Structures are given as structure tokens and as C-alpha cells.
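Reviewing the structure listed below.
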Amino acid sequence: MNIFRLAGDMTHLVSVLVLLLKIHTIKSCAGISLKTQELYALVFTTRYLDLFTDYISLYNTVMKLIFLGSSFSIVWYIRRHKIVRRSYDKDQDTFRHYFIVLPCLVLALLIHHKFTFKEVMWTFSLYLEAVAILPQLVLLQRTRNIDNLTGQYVFLLGAYRALYILNWIYRHYTEPHYVHWITWIAGIVQTLLYADFFYYYFQSWKNNVKLQLPA
Amino acid sequence: KGQPQSHDEL
């Protein structure tokens with residue numbers, strides 16, 4: 001464990017808890033893409049298949065349970081909660097899951113480190129996580145209004161992966177055998193996807209104006 | 001080492 005990875009995990013944890021708290025407190029999911037939340041639940045499910053088979057550390061197991069629990073809770077709130085579901089904008093949140101899931105699945109079947117079920121699922125979860133934010137970014141551009149909690153959520157989500165890249169650089173230099181190019185590429189693609197959002201987020205923060213994404 | 005690379009990460 002290094003400071004970059006810990007900071008990344010904490011940033012990731014805060015981002016999902018901020019979102020869960022927002023939905024639970026104001027009983028609204030306005031501006032939140034259910035599609036993205038469902039994709040994240042799928043990311044955690046396919047990535048943490050080793051939850052009960054390989055024990056790495058208490059921290060690792062606890063964090064996996066928190067991420068799984070929070071992502072499924074968020075999906076449950078938006079789908080099932082009698083008040084929250086009313087604020088879900090299903091006409092705007094129309095990104096097709098399979099446009100994202102299928103290419104990631106095909107890519108994982110083609111490009112992986114080992115052709116085993118767990119390894120292909122793990123690789124699939126890396127590719128999926130890189131693009132899972134797309135429905136949320138599309139929704140933000142369509143609705144054009146970004147309440148600052150949603151803006152913070154997306155920002156923290158991007159920041160966590162950027163911190164992970166620093167973690168991979170650190171591990172690359174401190175653990176000689178540690179080279180995992182698939183992780184690198186998926187992580188860099190993911191962070192680049194956030195780059196333009198970061199740009200507009202900082203612009204709005206610097207000029208102290210409401211965050212607006214160009215149409 | 002037990003864990004293959006980056007499988008010990010979240």
C-alpha cells in the first residue's frame with residue numbers, strides 16, 4: 001500500500017458515499033444517471049469475484065464490501081425507492097448499456113493476461129470502469145444543469161483514477177516485476193475521459209460560476 | 001509474490 005493508492009481509495013470511497021448520502025438525504029437523484037450507476041455495480045461485481053476466494057487483507061475485503069454495498073444501494077434507491085425514483089429522468093438517461101458492455105466484453109475476450117473466467121471478468125471490469133461514466137457525462141451535457149454535489153461526485157471519481165495512475169507509477173519503480181499494461185491503458189483512457197470535465201469544472205470553480213458543459 | 005500484479009488493488 002502506498003499513499004497514492006490510499007488517497008485514491010479514500011477519494012473513491014468519498015465519491016460513492018457523497019452520492020449515496022445526497023440521494024438518501026434529499027430523496028432525489030436529479031442529474032444522476034442510473035445507467036452509470038448500474039454499470040458501476042457491474043464493474044464491482046465482475047472485479048470482486050475473488051471476494052470470498054482470495055483473502056488479501058481486512059482493508060481490501062472491507063472496502064470491496066463497501067463499494068459493492070454502496071453501488072447496489074444507489075441502484076436500488078433510484079429504481080425502487082418510492083420518492084427517489086420520481087426524480088429519475090429516464091427520458092434523458094437513454095444511453096444503451098450494451099453499447100458499452102458488449103465492446104468491453106469482446107475486448108476482454110480478445111485482450112487479457114490469462115484466459116480464465118476470473119481473469120477475463122477482471123479485465124472486463126477494468127475496461128468497463130474506464131467508460132462507465134459516459135452515460136453520466138452525456139446526461140450532464142443534456143440536462144446542462146450540474147448541481148454541485150453531482151459535479152463533486154464526477155470530479156472525485158476522476159480524481160481517484162488519476163491518483164491510481166500515480167500509484168502504478170510508484171509501484172512500477174518500487175516493485176520490479178510489477179508491470180500491468182492493461183491496467184495502465186484502461187486507467188489512462190478513463191482519466192482522459194474525465195479530462196474535459198475537469199477542465200470545465202476548474203473553469204467554473206476559478207471563475208466562481210455555475211458549472212456548464214458545452215452542448 | 002502471492003498476488004499477480006494489481007490484483008491486490010481495488
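So you know, we letter chains A, B, ... as the sequences are listed, proteins then strands, and number each from 1. Fair warning: this is a prediction, and the values are worked out from it, not measured in the lab.
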Taking only distance into account, with no hydrogens and no angle test, what donor-acceptor pairs under 3.5 Å do side-chain atoms of residues 10-17 of chain A form with protein atoms, sequence neighbours excluded?
from    : atom 1 : to      : atom 2 : distance (Å)
A:Thr11 : OG1    : A:Ala7  : O      : 2.6
A:Ser15 : OG     : A:His12 : O      : 2.6

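For the pair B:Glu9 and A:Arg171, the salt-bridge criterion is met [side-chain N within less than 4.0 Å of a carboxylate O].
Few gaps surround CZ on A:Phe198; more than 12 heavy atoms of other groups in view lie less than 6.0 Å from it. Within 6.0 Å of the OH atom in A:Tyr199, the count of heavy atoms belonging to other residues, nucleotides or ligands does not exceed 12.
With sequence neighbours excluded, the residues satisfying side chain to side chain donor-acceptor pair (under 3.5 Å) with A:Tyr153 are A:Gln37.
For A:Asn60 (side chain) and B:Leu10 (main-chain N/O), no donor-acceptor pair under 3.5 Å exists by modelled atom type.
With a 4.5 Å cut-off on non-hydrogen atoms, A:Phe44 does not touch chain B at all.
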